[in-house]
Amino acid sequence: MAELFNFNNIDTAERKSMEKNIIDFKRLHSRLSGKSRKDSKPSHCLYCKQQHNRFCNSHSIPASFLRNIAVDGKVYTTNRIIDLPIFDTERGVNNSGTFQLICRKCDSVIFSDYENYLNYNERPTDRMIAQIALKNHMRFIGKRRFEIALYKNMKEEVAKKRGRNHHVDAFLDDMLRVANLDLLEYIKDFKNCKKIIEKGWANEHYLFYYEKIDYTVPIAFQGEVCLNFDFQGNTINDVYNKSKKYKLQTLHISIFPMESQSIIMLFIKKDNKRLRQFYKQFNSLCHADKLSAINFIIFSLSEDIFMSKTIHDEFMVNERLKNVAGLTSIQFSEIDNIKVTV
Ligand SMILES: [Zn+2]
């Protein structure tokens, strides 16, 4: 297996070089990402299909949950741990993990059950679970659309500055091919999930872990992740299998901090059989190990984690956590909110 790239392994000299070039990089990135955002802007609402000029700033984690851990309206990003000079270490709640794919009207209706904290007095319904899955698929549709536009713009930018380069073109073409395949999969998942909600189908997802904790956890997360291995090292997803027929099976995780309690949920699509061993192993863990495993999974496989600014600095400089958080794939869409700070 190829070694995973670890951001935490970037040495001091490279960090210094990044700092030196940061203004140029941010300028270039700001220009390319601005253009890519424009290019990837939809013309129709993904949900109701109506034509719109303006789209809602939808939050991957409901802003009302994020506010429970914000200090002065801000939360830490995972870069608070990895600490790379080119990325933001904190963000305002209003632009944390957002995507623009649906109209305001749809945004106010299609997630309303799961975004209402009162609905967590009871175990979440099938409808709430499906709404969470629907949004997770949409978040990825937004990311891939943006990345596809960005790779195309990068290709043009390189050609403009240095002339056509076969190696760069081949690399970006490969990224484009994979992103396009991914996008089609997420659109399929989205359509399927929409149908589940509209038809009111039950038991389409399997919620194998649900826990209400009686304090506010300092972390917020909502997303789907792709596990490579289970706890015994058996392959769940072969991420290097690029065959059109091979379908990755994802795990949905939610960590919702509330005013004086927190909700933690893990669920899968019911036919994601490759995750069966994983959830059996997970359910046999003790409470503390379950929480550690969830932390390990989200920090190593996602960038969409937001943390309270009340978390002690000691935690942020922990070498083991830095290594786990650095083990992430490069997600250009995650840095589209970089501000040029000249
Ligand atoms: Zn709509």
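When reading the values below, keep in mind they use all heavy atoms of this one structure, side chains included, and skip hydrogens, waters and symmetry mates. Computed from a predicted model, the values in this text were never measured in an experiment. Order of listing sets the numbers, starting from 1, for every ligand and every atom in it.
- Ion pairing of Lys188 with Glu185 is present here, as a side-chain N (NZ or NE/NH1/NH2) and a carboxylate O approach within less than 4.0 Å.
- Shown here are the side-chain hydrogen bond (donor to acceptor under 3.5 Å, both in side chains) partners of Asn68, two or more places apart in sequence or in another chain: there are none.
- No hydrogens or angles considered: nothing links the side chains of Tyr186 and Lys143 as a donor-acceptor pair under 3.5 Å.
- In terms of the side-chain contact (heavy atoms from CB on, under 4.5 Å) criterion, residue partners of Asn57 (sequence neighbours excluded) are, by chain and number, Thr98, Gln100.
- A cation-pi arrangement, defined by a distance under 6.0 Å to the six-membered ring centre and an angle within 45 degrees of its axis, is present between Lys194 and Tyr47.
- Tyr209 pairs by the ring pair (Phe, Tyr, Trp, His ring centres under 6.0 Å) definition with Phe282, not counting sequence neighbours.
- For a distance threshold of 2.8 Å, the protein N, O or S atoms nearer than that to the Zn ion (ligand 1), listed by chain and number, are Cys45 SG, Cys48 SG, Cys103 SG, Cys106 SG.
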